[in-house]
Amino acid sequence: MEHNIENIESKDIPFLLQWYMDSGVDESIGDETLDWFALSSLTVPQTTVLAKATAIVPVEQIAQEANRLARACNSLTELNEVIRNFDGCHLKKTATHTVFCDGNPNSRIMLVGGSPGVDEDRHGRPFAGESGQLLDRMFKAINLSREKDFYMANILPWRPPGNRAPTAEEITICLPFIKRHMELFDPELIILLGGISAATLLNNPVGITRLRGKWAEYDLNGRKIPVRPLFHPAYLLRQPKAKGDTWEDLLDIKARIEMLAL
Ligand code: URA
């Protein structure tokens with residue numbers, strides 16, 4: 001898409017920018033043309049990803065390798081390093097940063113989101129954008145802060161291009177990493193943010209509207225950890241009416257935290 005900047009009047013610039021945003025443009029690019037298809041494996045069939053330029057490896061095999069690598073990690077630092085060096089997920093090629101975690105690694109509460117967006121990719125930490133600001137305000141309302149009281153990560157450590165939803169294959173490949181992440185963090189309470197996180201970790205595809213509003217359990221090495229799925233803050237920004245239900249969820253979470261003395 002090309003505009004001759006000399007023909008654009010300054011009063012039109014806000015409308016042009018809004019038009020770009022409405023069209024889904026969320027990145028600026030340089031003057032030189034890049035062959036993005038040559039840079040990424042986006043043209044590869046859905047059931048396979050390219051490994052080392054030419055060999056085609058089934059998704060299940062890549063997930064097994066991710067699992068082997070993740071299980072060999074004995075600390076969050078090691079896991080972070082392993083994920084950063086992992087080349088089995090093509091999302092890494094188009095991402096700017098690997099997004100591993102944020103918050104207090106010594107807290108007892110773990111939040112898990114879906115996938116990084118443009119702000120998270122830019123800053124290299126989860127929930128770094130507008131939905132993260134809402135998330136912080138939501139938890140502040142029950143006296144919790146990310147600096148002190150909770151820790152967070154995502155199902156996927158890399159942003160899907162254009163903020164599209166992750167594919168089932170991308171989730172399958174990255175799932176061993178977030179599972180090991182949860183084991184190593186070892187939470188007493190888990191909060192799942194949005195449909196992708198809830199459906200994936202509860203292994204239940206019914207949708208967040210039916211999963212929120214009640215407690216579930218997550219099996220962490222034989223220990224049953226209480227899990228509360230919540231509407232994703234990005235959804236709440238689009239659908240403010242759902243904030244009432246989320247407030248009920250947050251009050252339940254606050255009561256459970258007090259009961260567990262976390
Ligand atoms: N949405 C998510 O699920 N995770 C992030 O880190 C940001 C937005």
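Both counts, for ligands and for their atoms, begin at 1 and track the order of listing.
Here the CD1-CG distance, from Ile191 to Leu111, works out to 4.5 Å after rounding to the nearest 0.5 Å.
Shortest non-hydrogen contact noted between Gly88 and Ile62 is O-CG2, 3.6 Å.
Contact check on Arg84 versus Glu81 returns no salt bridge, with no Lys/Arg side-chain nitrogen under 4.0 Å from an Asp/Glu carboxylate oxygen. Ion pair Asp186/Arg223 flagged as a salt bridge, since at least one NZ, NE, NH1 or NH2 atom sits closer than 4.0 Å to an Asp/Glu carboxylate oxygen.
Residues of the protein with a heavy atom under 4.0 Å from ligand 1 are Gly113, Gly114, Ser115, Glu120, Pro126, Phe127, Ser131, Asn154, His232, listed by chain and number.
Pairs engaging residues 124-145 under the ring-ring contact (aromatic ring centres under 6.0 Å, His included) rule: Phe127-His232, Phe139-Phe150 [sequence neighbours left out].
No side-chain heavy atom of Pro157 sits less than 4.5 Å from a side-chain heavy atom of Phe100.
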